[in-house]
Amino acid sequence: MLLLRDEQKVQECPKGIPLERRNHSLIVAQKFSSKNIYLTDQPFIMAKYIFVTGGVTSSLGKGIIAASLAKLLQSRGFRVTIQKFDPYINVDPGTLNPYEHGECYVTEDGAETDLDLGHYERFLNTYTSQANNVTTGRIYQTVINKERAGDFLGKTVQVVPHITDEIKRRMLLLGKSGNYDIVISELGGTVGDIESLPFIEAVRQLQWELPEDDVVVVHLTLIPYLRAAKELKTKPTQHSVKMLSETGVHPDIIVCRTEEPLNNDIKRKIALFCNVKQEAVIEAMDASTIYEVPLLMLREKLDVICMKKLGINVFPEPDLEKWKVFLDKLKYPKSKVTIGLIGKYIELQDAYKSILESFIHAGAMNEVKVQVVNVHSEFITKENVEEKLEGLDGLLVAPGFGNRGIEGKIIAVQYAREKKLPFFGICLGMQMAVIEFGRNVLGLKDAHSTEMDPNTPDPVINMMEEQKKIKMMGGTMRLGAYPCEIKEGTLAHKIYHETHITERHRHRFEFNNDYLEQFESKGMIASGKNNETGLVEIMELPDHPFFIGVQYHPELKSSVERPAPVFVSFIGAAKIYNEKKHVYKTSALQDALI
Ligand code: GLN
């Protein structure tokens, strides 16, 4: 679907596409084929903008609401993208400790971004980029660089207009690309935070500068349920909307997170006090899975109300067939597997967000429920490993940085290798598998990564050459998508069914190719490599039912409609392991796994 405007002449439209003129600014071209319809080689199409703000408290799930709304609009044929504006001063979250901010999500183009971008990609099944995540730090960096270059011609540089101008430029950037009909901008933080003010001010200005039917503001709030009084309370929402209105931004739609259904009286009250239509008060009940939220929002007509406000009055029915099939498989699994997630940030689930979501996608594909048991690597010892990992059907050793918990990870890998338990190592997890094999099979008893032991006599994992001269921390790792060539006949090949893949990266260290011959001669092979640099991307043990370590992060490309193949196969292997736990033959199992 393309949104066409007055300034684009109707006759430029390809023949056979009926146009319906709806109002002064908008014409909707119905798409009758699956192909995109372009008016000219470089279509001049302006997008419409939806801003999602949050009130009352943080962690209400703005990202999920934004992603669900985007999914619904996409399912009706619109080209949608979502961007996130974060009010903190870090230029990007790449330098943030996962305990502070959860996982750092990496895009194809190598941007280190907020984990909400992961939700956007998993819901929409489209890629985001650096442009989809903007922080206060990045805004100021741009403005200050311009000031140093003398671009402001002697003017005093101020928050309004210079910072807000830069925010607005970024808010409109993707919309001007011609690639999108609708751009959803999620504003991080909560209304009332000092740091959010310039972003809210930018939205206020855009509400005036853009045509009225080009902008919608959705405000997400909480309606607490007081158990003692058995009552839902609207006062925090009233205050939050009042605070937002004081900044000059009036929400068009209020989405209310609630544990209990909102009756009509409550909706009427919110509408009255918050100055919105009753139909624009949307109930967002707690859901059993985030993947149910688009359907809940569809029932509440969130997308329809948005489209009406945007002047889009004709639209196709949503096509959510694939989504529903996935949801059915997710909700009604046929069996269960238990996976141990070995990491050092396990107290904070957001630190491994994409991995946990990939398990959900892969579980649905295999029609099993994936129960993830978090095992803190710091507390695994040779003495307790058996007890700590008992009952698992598979082991995933997580990515990470630094020394803490390293020995526990190595002990866990050894257990999985020797007990023929399905093993999957990601990035640092793959490096640990290499160190374990080096120490316990090759007999290099002090083998290590130079990240943890710069003086190790056997640096089986070494810093990448180009990383050695880098001194700055932010944005300097090997980041983003790189190709990997897969050897035919290997487990990796069975997983991907192809010999050429691209996956995303975030690391400074690599397998030391000086040791490759030794490893391969003893049974750990490099089944995936980057041909240009020779960098090992995948290590595996052919003599094991399922043992694979990958230097890249497959969890970053897993979506509902395109689950990451290596996760799907790993869960498949865990399922078979679970079924065959007692009658277990390595060689027979190898073929049955994939
Ligand atoms: N610390 C390791 C490296 O930099 C692994 C990084 C990761 O797991 N993302 O290579």
Side-chain angles (χ1 to χ4, degrees), residues 92-99 101-107 110-113 115 118 341-346 348 350-356 358 377-378 395-410 412-413 423-436 438 447-454 456 459-482 484 503-513 515 526 528 530 533-539 548-558 564 566:
D92 62 43
T95 53
L96 283 169
N97 184 329
Y99 279 127
H101 198 68
E103 161 193 278
C104 172
Y105 187 79
V106 179
T107 54
E112 294 180 294
T113 71
L115 56 80
L341 171 62
I342 317 288
K344 66 168 178 172
Y345 306 114
I346 56 163
L348 186 78
D350 275 359
Y352 300 117
K353 195 83 209 158
S354 293
I355 290 179
L356 297 177
S358 302
S377 51
E378 230 180 333
L395 192 72
L396 184 137
V397 177
F401 296 84
N403 225 338
R404 194 164 65 94
I406 284 298
E407 292 305 319
K409 285 186 177 175
I410 296 172
V413 177
F423 168 84
F424 179 19
I426 300 181
C427 206
L428 183 71
M430 172 263 201
Q431 298 175 356
M432 292 306 108
V434 166
I435 294 168
E436 190 279 321
H448 220 318
S449 161
T450 52
E451 179 179 5
M452 290 86 198
D453 179 4
T456 169
V460 288
I461 302 293
N462 207 355
M463 188 178 262
M464 284 180 279
E465 214 37 57
E466 68 272 19
Q467 286 286 327
K468 290 186 179 156
K469 29 191 187 302
I470 293 172
K471 295 276 173 290
M472 296 287 273
M473 291 297 279
T476 55
M477 281 186 247
R478 180 173 181 250
L479 290 166
Y482 286 94
C484 163
E503 292 278 10
R504 297 183 198 171
H505 298 73
R506 184 173 190 248
H507 65 123
R508 289 189 205 284
F509 295 81
E510 63 172 326
F511 178 82
N512 184 344
N513 273 320
Y515 289 87
N530 179 293
T533 56
L535 192 132
V536 169
E537 296 278 5
I538 311 175
M539 290 298 269
I548 194 163
V550 297
Q551 184 58 77
Y552 51 82
H553 291 262
E555 74 276 19
L556 299 175
K557 272 174 63 172
S558 187
V566 53

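The structure displayed is predicted, hence computed values, not measured ones. Below, each value reflects all heavy atoms present in this structure, side chains not excepted, and no hydrogens, waters or symmetry copies. In each ligand, atom 1 is the first atom listed, and ligand 1 is the first ligand listed.
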Write out the residue and atom name of the closest protein heavy atom to [atom], then the distance separating them to 0.1 Å.
atom: atom 4 (O) of ligand 1; value: Arg508 N, 3.0 Å
atom: atom 5 (C) of ligand 1; value: Gly400 O, 3.3 Å
atom: atom 10 (O) of ligand 1; value: Phe509 N, 2.9 Å
atom: atom 7 (C) of ligand 1; value: Cys427 SG, 3.0 Å

Under 4.0 Å to a heavy atom of [X] - the qualifying atoms of ligand 1, by number:
X: His553; result: 9 (N)
X: Arg506; result: 6 (C), 7 (C), 9 (N)
X: Glu451; result: 1 (N), 2 (C), 3 (C)

For [X] versus [Y], what's the shortest heavy-atom pair and its separation?
X: Glu451; Y: Phe401; value: OE2-CA, 3.5 Å
X: Lys409; Y: Gly343; value: CE-CA, 4.1 Å
X: Phe509; Y: Ser449; value: CD2-OG, 4.0 Å
X: Phe511; Y: Met430; value: CB-CE, 4.5 Å

Donor-acceptor side-chain pairing of Ser377 and Arg404 below 3.5 angstrom: no
Donor-acceptor pair, side chain of His505 and main chain of Gly480, under 3.5 angstrom: yes
Glu103 side-chain N/O to Ser354 backbone N/O, donor-acceptor pair under 3.5 Å: yes
Proximity of His507 to ligand 1 by residue part, where a heavy atom lies under 4.0 Å: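 Near ligand 1, His507 shows its backbone as well as its side chain.
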Ligand 1 contact on Glu510 by region, counting heavy-atom pairs under 4.0 Å: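 Neither part.
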Any N or O of Gly402 closer than 3.5 Å to N or O of ligand 1: no
Short N or O distance, Met477 and ligand 1, threshold 3.5 Å exclusive: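 No, there is no polar N/O contact under 3.5 Å.
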Salt bridge (Lys or Arg N to Asp or Glu O under 4.0 Å) between Glu537 and Arg478, worked out: CA-CA 13 Å; Glu537 296 278 5; Arg478 180 173 181 250; 3.1 Å; yes
